[in-house]
2 protein chains.
Amino acid sequence: MLFWKKGFSTTSTRDLQTVVDMRPGSIYSAFGSKEGLYSESLKVYATQLKLLLASHIENSETVVDGLHAFVVTVLESAEDGCEVCMLIKASTEFDHTQPKLKTLTDDLLQQFEHDLSTLFYIAQQRGELANTHSPLEYARLFQIQFTGLRSYLHRPMSKPMTEQLIGMMFTLIKNY
Amino acid sequence: MLFWKKGFSTTSTRDLQTVVDMRPGSIYSAFGSKEGLYSESLKVYATQLKLLLASHIENSETVVDGLHAFVVTVLESAEDGCEVCMLIKASTEFDHTQPKLKTLTDDLLQQFEHDLSTLFYIAQQRGELANTHSPLEYARLFQIQFTGLRSYLHRPMSKPMTEQLIGMMFTLIKNY
DNA sequence: TTTTAACTTGAACAACTGCTCAAAAACAAC
DNA sequence: GTTGTTTTTGAGCAGTTGTTCAAGTTAAAA
């Protein structure tokens with residue numbers, strides 16, 4: 001999606017018109033505003049991310065393996081300009097001057113953190129991970145690591161290190 | 001700086017005029033273009049970051065303590081909109097369609113990574129850290145952790161966790 | 001087939017964008 | 001004080017922005 005690549009304010013409505021193949025009137029009667037269209041795509045992004053994670057958890061032996069597979073998929077399928085999570089990009093773009101988009105972003109991020117916490121709770125119950133830290137603390141570590149990693153892989157010549165850095169990430173999590 | 005807060009393309013030249021108190025003609029005779037002015041401020045940002053790091057290293061017993069103090073200072077003095085490193089923000093904003101700004105950003109980030117490597121090399125020489133990984137690997141871990149942390153602290157109600165998360169970051173580094 | 005309702009179109013809007021350039025002001029050398 | 005040089009000014013340009021709205025098209029109901 002174009003909003004993912006370029007962000008909200010640097011994407012023009014004319015670009016959007018061509019990419020969704022609608023004329024201004026139709027867009028504005030369907031979404032109300034550029035903001036409305038963005039909101040909708042951010043929600044779609046969040047649900048798809050959630051679904052992708054869920055499917056990897058289901059198809060893996062352990063929760064940790066599922067998270068690992070999820071990270072691999074996300075990082076390896078990153079197209080140009082979409083290396084960074086759209087939610088993270090949104091959270092750095094909006095402040096109190098765009099209250100609606102800010103609170104929406106915060107809510108979706110909180111939702112994702114909660115989903116992760118649940119997964120880490122299950123991982124602990126199954127004995128995959130230690131009980132030295134709370135599920136929420138694990139979720140925070142995961143997010144910080146994931147965000148930092150995706151940002152780092154935005155640099156030139158960094159692709160070959162992807163596998164090694166993911167390995168590092170999960171070593172850190174397992175030893176946490 | 002305004003460019004730090006809002007990024008390159010969402011900062012208008014009129015806003016810049018008021019903040020640097022110059023009229024268009026003066027700005028364009030001094031910097032050539034909006035791009036030139038941005039380049040200059042990014043360079044200034046990078047040198048100031050380097051100086052800040054160096055001063056914390058000098059005033060600390062160990063290299064690791066210096067890095068710790070540096071991180072604390074950066075995270076606690078983060079004003080509104082400047083939670084994320086300007087270099088990181090720049091690296092997510094520019095792609096091949098803005099080659100000059102992209103390569104400048106990449107170069108400055110590479111420089112910073114090199115400086116960090118040197119510091120971690122010294123830390124290893126002094127026996128502060130293990131030799132299980134190369135200085136460059138330590139530098140990468142630091143950057144990923146630092147970037148992820150700063151992004152995470154952009155969320156609402158996260159300020160009280162700052163200290164704890166920095167603690168986590170350095171525990172991970174020491175055990176790496 | 002006619003009437004009504006719903007959707008789509010694209011020209012046009014006011015505001016904003018990065019940037020230019022002739023004129024004015026400030027400064028320097030003599 | 002006069003000349004020459006450098007710097008600053010701000011009105012204005014051509015292009016883009018998000019958005020509107022009357023007119024046109026399509027689809028459903030009668």
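Residues of residues 13-30 of chain A that place a heavy atom closer than 4.0 Å to DNA chain D, in numerical order, are A:Thr13, A:Arg14, A:Pro24, A:Gly25, A:Tyr28.
Between the side chain of B:Ser12 and the backbone N or O of B:Asp15 there is at least one donor-acceptor pair closer than 3.5 Å.
Contact of the A:Leu42 side chain with the A:Phe8 side chain is not registered, since no non-hydrogen atoms from C-beta on lie closer than 4.5 Å. Between A:Tyr176 and A:Leu129, every side-chain heavy-atom pair lies at or beyond the 4.5 Å cut-off. Put simply, the side chain of B:Gln17 does not reach to within 4.5 Å of the side chain of B:Met22, judged on heavy atoms.
Ring to ring, B:Phe94 and B:Tyr38 are close: their centroids are under 6.0 angstrom apart.
With salt bridges taken as basic N to acidic carboxylate O contacts below 4.0 Å, one links A:Asp115 and A:Lys50. Look at A:Arg155 and B:Glu113 and you find a salt bridge, because one of the NZ, NE, NH1 or NH2 atoms lies within 4.0 Å of a carboxylate O, short of that distance.
When DNA chain C is scanned in the 5' to 3' direction for atoms under 4.0 Å from non-hydrogen atoms of chain B, the outermost contacting nucleotides are C:dT17 to C:dC21.
No contact: B:Ser9 has no heavy atom under 4.0 Å from any strand.
The distance from atom CE of A:Met1 to atom NZ of A:Lys6, rounded to the nearest 0.5 Å, is 13.0 Å.
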